**Student:** 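The structure that follows is given in the form of structure tokens.
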Amino acid sequence: MDRPAPLLATADAHLAEEVQRLAASVGTSPVVTADAGGLLRRWHGPPLVLVGADLVEQAAALRPPRRAGVVLVSSGPLPPGLLRPALDLGVGEVVELPSGSGWLATALGDLEEATRGGAVVGVLGGAGGAGATTFAAALGQLAAHQGPVLVVDADPLGPGLDRVLGVEQGQGVGWEVLTTSRGRLSARDLREGVPRRGPLGVLTWRGAQLPRLPDDDQLAEVVEAARRGHDLVVVDLARSRDDRAGLLARCDLVVVLVPATVVGVASTVRACAALDDPGRAGLVLVGREADEEAVARATGLPVLARMTRQRGLDEAVDLGLGPVRHHRGQLGRAAAAVLTRTSLLGRAA
Ligand SMILES: Nc1ncnc2c1ncn2[C@@H]1O[C@H](COP(=O)(O)OP(=O)(O)OP(=O)(O)O)[C@@H](O)[C@H]1O
Ligand SMILES: [Mg+2]
């Protein structure tokens, strides 16, 4: 893929040189415009627009439409009085050089990824043992036929999604490493760092005695880097509210696995009542005996797919083949139905 060029708008030769040097160090080169009119003409194309502190007031006065990826750059501390025009312009980040060089280099190096931006799908068990982890693995396994996927193990009490999928850990990066790192995480570093089998990557714990998730800021950083670097991110959410809180809000769709039994549905009703935004959630019913409409009514959520239990599943997982053995099996078809929904979500989210 051709790397899209960022845009730099500044008439300050020193700032232009600083940014160009940084960009060159990560293999990219910005298109430079020296006035606000040139900025406005090219406003929509580039994935990242860097506006020099010298031009921010003029640019804001032209009132361009809102867009993402606008960064205010200044050589040295930001001069006072620029906050208002920066807000008017929709600036998402302010970078003072040279202290912000690391952040800017990562953002510039990530441009190839910035054009990707896949969906994030969370999978949650309506009741314990409903098959959520297995379904998350199945979604990842199927979607990997179309492009890069990351399956994120976010349940500290789960079996480890690398095991369920049969992906060797090798030297790959796990949560432990990400928990101790700070700052902007590059989409490429994450994609290339985690254990993978071809397009299918897994983020999990590497032999931790007491697995735990990082804090909300770090989780947000990881999910956004994962989203930028993959076509689809699947998150196996913990059933415990504390462990899943920070991640739930980042999901474009939450798939709730429901055992089609009286107690399974009762437990799911509680689990769904605790969802902040049920508009983004849907159900996968597991079992023969369930009245779809009654379950949808009780939970207030639509049924995305239903399936009976998949024969031979434990053997396939034990052999390291992942849960989906045949695309036409129960699990494969239900996962495909949910993936169809996912592509309908669009990439704008
Ligand atoms: N679609 C399925 N067909 C047959 N067996 C399944 C299916 N999904 C899961 N199982 C089996 O049920 C058990 C529990 O599955 P899984 O770990 O995926 O559930 P869970 O909802 O993630 O559980 P937990 O509440 O512990 O997180 C496993 O032994 C798994 O092999
Ligand atoms: Mg689980």
Side-chain angles (χ1 to χ4, degrees), residues 121-143 150-167 175 200 202-205 208 210-213 233-245 247-248 251 253-261 263-272 274-275 281-290 292 295 299 301 303-339:
V121 176
V123 183
L124 180 66
T133 297
T134 306
F135 198 75
L139 286 176
Q141 210 183 338
L142 269 192
L150 184 68
V151 180
V152 177
D153 187 351
D155 185 358
L157 297 181
L161 267 157
D162 51 330
R163 274 190 203 95
V164 179
L165 282 161
V167 172
W175 277 120
L200 178 61
V202 184
L203 173 59
T204 183
W205 291 269
L210 283 173
R212 63 176 192 86
L213 286 169
V233 181
V234 183
V235 187
D236 181 21
L237 295 164
R239 280 179 35 77
S240 131
R241 278 178 209 161
D242 288 347
D243 277 334
R244 74 180 194 214
L247 284 163
L248 208 52
C251 296
L253 174 71
V254 177
V255 179
V256 184
L257 273 278
V258 188
T261 59
V263 288
V265 173
S267 169
T268 304
V269 168
R270 287 189 179 172
C272 294
L275 295 177
L283 308 174
V284 172
L285 283 183
V286 191
R288 269 177 226 289
E289 312 293 327
E292 265 185 41
V295 178
T299 56
L301 298 181
V303 177
L304 304 176
R306 65 180 303 167
M307 61 185 182
T308 54
R309 292 183 78 77
Q310 176 68 53
R311 277 189 292 144
L313 187 137
D314 288 336
E315 292 84 339
V317 170
D318 286 351
L319 288 170
L321 302 173
V324 180
R325 246 169 131 175
H326 306 293
H327 293 198
R328 297 186 155 275
Q330 290 286 320
L331 183 58
R333 285 157 83 135
V338 169
L339 286 179

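Each ligand, and each atom within it, is numbered from 1 in the order the structure gives. Predicted model only: the values in this text are computed from it and were never measured.
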**Student:** If you count the atoms of ligand 1 from 1 in the order shown, which ones are under 4.0 Å from a heavy atom of D155?
**Tutor:**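 Counting from 1, the qualifying ligand atoms are 27 (O).
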**Student:** Under 4.0 Å from a heavy atom of D314: give me the atoms of ligand 1 that qualify, with their elements.
**Tutor:** 29 (O), 30 (C), 31 (O)
**Student:** One pair to check against side-chain contact (heavy atoms from CB on, under 4.5 Å): V233 and V121. What are the steps and the verdict?
**Tutor:** CA-CA 6 Å; V233 181; V121 176; over 6 Å; no
**Student:** Which of the numbered atoms in ligand 1 are below 4.0 angstrom from a heavy atom of T133?
**Tutor:** 17 (O), 18 (O), 20 (P), 22 (O)
**Student:** Report yes or no: does T133 have an N/O/S atom closer than 2.8 Å to the Mg ion (ligand 2)?
**Tutor:**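 Looking at T133, which is the residue asked about, there is an N, O or S atom under 2.8 Å from the Mg ion (ligand 2).
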**Student:** Among D153, D236, D155, which one satisfies side-chain hydrogen bond (donor to acceptor under 3.5 Å, both in side chains) with T204?
**Tutor:** D153
**Student:** Taking the side chain as everything from C-beta on, heavy atoms only, tell me whether L237 gets closer than 4.5 Å to V123.
**Tutor:**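 They are not in contact (no side-chain heavy atoms under 4.5 Å apart), so the answer is no.
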**Student:** If the cut-off is 4.0 Å to any non-hydrogen atom of L313, which atoms of ligand 1 fall inside it?
**Tutor:**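 Here the atoms of ligand 1 in question are 2 (C), 3 (N), 7 (C), 31 (O).
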**Student:** Should T308 be counted as touching ligand 1, given the test is an N or O pair under 3.5 Å?
**Tutor:** no
**Student:** Are any side-chain N or O atoms of R244 and backbone N or O atoms of L124, one a donor and one an acceptor, separated by less than 3.5 Å?
**Tutor:** no
**Student:** Under 3.5 Å between any N/O of G129 and any N/O of ligand 1: does that happen in this structure?
**Tutor:**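 Indeed, backbone or side chain, G129 has an N or O that close.
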**Student:** Any side-chain to backbone donor/acceptor pair from W205 onto R212? Under 3.5 Å, distance only.
**Tutor:** yes
**Student:** May I ask you to list the atoms of ligand 1 that are less than 4.0 angstrom from any heavy atom of A132?
**Tutor:**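 Numbered from 1, ligand 1 contributes 18 (O), 19 (O), 20 (P), 21 (O), 22 (O).
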**Student:** Look at ligand 1 and say whether L257 reaches it with a heavy atom at a distance under 4.0 Å.
**Tutor:** no
**Student:** For atom 13 (C) of ligand 1, what's the nearest protein heavy atom and its distance?
**Tutor:** R309 NH2, 4.5 Å
**Student:** Looking only at distances, please establish whether an N/O atom of ligand 1 is found under 3.5 Å from an N/O atom of A130.
**Tutor:** yes
**Student:** Does atom CZ (R239) have a neighbourhood of more than 12 heavy atoms from anything else shown, all under 6.0 Å?
**Tutor:** yes
**Student:** Looking at V284, L283, V258, which one forms a side-chain contact (heavy atoms from CB on, under 4.5 Å) with V303?
**Tutor:**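 Of the listed options, the one satisfying the test is L283.
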**Student:** Determine yes or no for a side-chain-to-main-chain donor-acceptor pair under 3.5 angstrom, with T308 supplying the side chain and R288 the backbone.
**Tutor:**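 No, T308 side chain to R288 backbone: no donor-acceptor pair under 3.5 Å.
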**Student:** Taking distance alone, with no angle check, do T134 and ligand 1 share an N/O pair under 3.5 Å?
**Tutor:**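 Between T134 and ligand 1, an N or O pair is found under 3.5 Å apart.
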**Student:** For F135 versus L331, what's the shortest heavy-atom pair and its separation?
**Tutor:**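 That closest heavy-atom pairing would be CD1-CD1, 3.7 Å.
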**Student:** Give the numbers and elements of all ligand 1 atoms closer than 4.0 Å to a heavy atom of G128.
**Tutor:** 25 (O)
**Student:** Starting from atom 19 (O) of ligand 1, which protein heavy atom do you reach first, and at what distance in Å?
**Tutor:**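 Nearest neighbour among protein heavy atoms for atom 19 (O) of ligand 1, to 0.1 Å: G131 N, 3.0 Å.
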**Student:** So if I count the atoms of ligand 1 from 1 in the order they appear, which ones are less than 4.0 Å from some heavy atom of M307?
**Tutor:** 1 (N)
**Student:** Taking atom 3 (N) of ligand 1 as the point of reference, which of Q310, E315, Q330 owns the nearest heavy atom?
**Tutor:**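 It is Q310 whose heavy atom sits nearest to atom 3 (N) of ligand 1.
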**Student:** Verify, without hydrogens or angle tests, whether Q330 (side chain) and R311 (backbone) share a donor-acceptor contact under 3.5 angstrom.
**Tutor:**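 Here the side-chain-to-backbone pair does not exist.
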